[in-house]
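Just below is one structure, and these are the notes that go with it.
Being a predicted model, the structure only gives us computed values, none of them experimental.
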Amino acid sequence: MLWTDGNGNWTNDVRTARNENYYNPSARELYDYIEKETDKADSWDVVDSDAYDQLAYYCGRDIDDYDNREDLMGDCLLSIEKEEEK
């Protein structure tokens, strides 16, 4: 599970999240974070697999249905954009 403070800081540490006013990110925030980090490193593996699980959950997707993270990210983006249109 990842948390953010809304200022570009992210953590997967529960103690930090509790003590320093972090919150569960929205699907859009998490998607943007993953996209930014993977683009910087030019690798899907730079982001912990838990983040992809969390994003899939937020987007109502079953991560086991995906053979690669690029397809997951594409489908999640469609879900996020559809939700933002409402």
Side-chain angles (χ1 to χ4, degrees):
M1 172 77 61
L2 284 176
W3 295 274
T4 184
D5 67 359
N7 294 315
N9 299 308
W10 292 80
T11 187
N12 63 354
D13 181 71
V14 174
R15 184 174 297 164
T16 300
R18 280 191 205 138
N19 294 338
E20 297 184 22
N21 204 26
Y22 280 63
Y23 62 91
N24 287 329
S26 68
R28 170 54 86 178
E29 287 174 309
L30 185 55
Y31 177 90
D32 289 346
Y33 166 76
I34 292 171
E35 185 177 60
K36 179 179 139 208
E37 294 300 311
T38 56
D39 284 353
K40 273 195 301 192
D42 197 27
S43 172
W44 293 107
D45 295 331
V46 71
V47 174
D48 190 78
S49 62
D50 288 345
Y52 294 102
D53 291 338
Q54 186 176 352
L55 182 63
Y57 175 79
Y58 285 173
C59 295
R61 305 289 176 163
D62 184 348
I63 198 158
D64 293 329
D65 291 343
Y66 294 91
D67 293 330
N68 65 65
R69 292 175 174 160
E70 187 172 2
D71 290 343
L72 171 67
M73 291 292 287
D75 286 352
C76 283
L77 181 58
L78 292 173
S79 295
I80 291 166
E81 289 174 342
K82 185 175 180 179
E83 187 65 30
E84 289 174 345
E85 289 176 2
K86 291 181 181 180

**OP:** Flag the pair Glu37 and Lys40 as a salt bridge only when some basic side-chain nitrogen lies within less than 4.0 angstrom of an acidic carboxylate oxygen.
**Re:** yes

Original post:
Taking atom CD of Glu83 and atom CD of Glu81, what is their separation to the nearest 0.5 Å?
Top reply: 12.0 Å

Original post:
Without hydrogens or angle criteria, can the side chains of Tyr33 and Glu29 be said to hold a donor-acceptor pair below 3.5 Å?
Top reply: no

**OP:** State which residues pass side-chain contact (heavy atoms from CB on, under 4.5 Å) with Asp62; sequence neighbours excluded, sorted by chain then number.
**Re:** Asp64, Asp65

**OP:** Using a cut-off of 6.0 Å, state whether more than 12 heavy atoms not belonging to Glu70 lie near its atom CD.
**Re:** no

**OP:** Say whether Val14 and Leu2 are linked into one hydrophobic cluster, either directly or through other cluster members, by side-chain heavy-atom distances under 4.5 angstrom.
**Re:** yes

**OP:** Find out whether Trp10 and Pro25 are in side-chain contact, i.e. whether some heavy atom of one side chain is under 4.5 Å from a heavy atom of the other.
**Re:** yes

Subject >> Greater than 12 external heavy atoms within 6.0 Å of Asp67's CG >> reply: no

Original post:
Is Arg28 close to Leu77 at the side-chain level, that is, under 4.5 Å between some pair of heavy atoms?
Top reply: yes

Subject >> Listed partners of Thr16 passing side-chain contact (heavy atoms from CB on, under 4.5 Å), at least two apart >> reply: Thr11, Asp13, Glu20, Tyr22

Anything under 3.5 Å between a donor and an acceptor, one on a side chain of residues 45-52, the other on a protein residue two or more places apart or in another chain? List them.
from: Asp45; atom 1: OD1; to: Arg69; atom 2: NH1; distance (Å): 3.1
from: Asp48; atom 1: OD2; to: Asp50; atom 2: N; distance (Å): 3.0
from: Tyr52; atom 1: OH; to: Trp44; atom 2: O; distance (Å): 2.8

Original post:
Taking all non-hydrogen atoms of both residues, which atom of Asp5 and which atom of Asn7 are closest, and how far apart?
Top reply: OD1-N, 2.7 Å

Original post:
What pair of heavy atoms forms the shortest contact from Gln54 to Met1, and how long is it?
Top reply: NE2-SD, 3.3 Å

**OP:** Measure across Ile63 and Leu72 and return the closest heavy-atom pair with its distance rounded to 0.1 Å.
**Re:** CD1-CD2, 4.0 Å

Original post:
Does Leu78 belong to the same Ile/Leu/Val/Met/Phe/Trp/Tyr cluster as Ile34, with side-chain heavy atoms less than 4.5 Å apart forming each link?
Top reply: no

**OP:** Kindly give the heavy-atom pair with the smallest separation between Asp75 and Arg61, and that separation in Å.
**Re:** O-NH2, 3.2 Å

Original post:
Is atom OH of Tyr23 surrounded by more than 12 heavy atoms (other residues, nucleotides or ligands) closer than 6.0 Å?
Top reply: yes

**OP:** Evaluate the side-chain proximity of Tyr58 to Cys76: yes if any heavy-atom separation is below 4.5 Å, no if none is.
**Re:** no

Original post:
Nearest heavy-atom pair of Ala27 and Ile80: which atoms, and what distance?
Top reply: O-CD1, 3.6 Å

Subject >> Backbone N/O of Asn9 and side chain of Thr4: donor-acceptor pair under 3.5 Å >> reply: yes

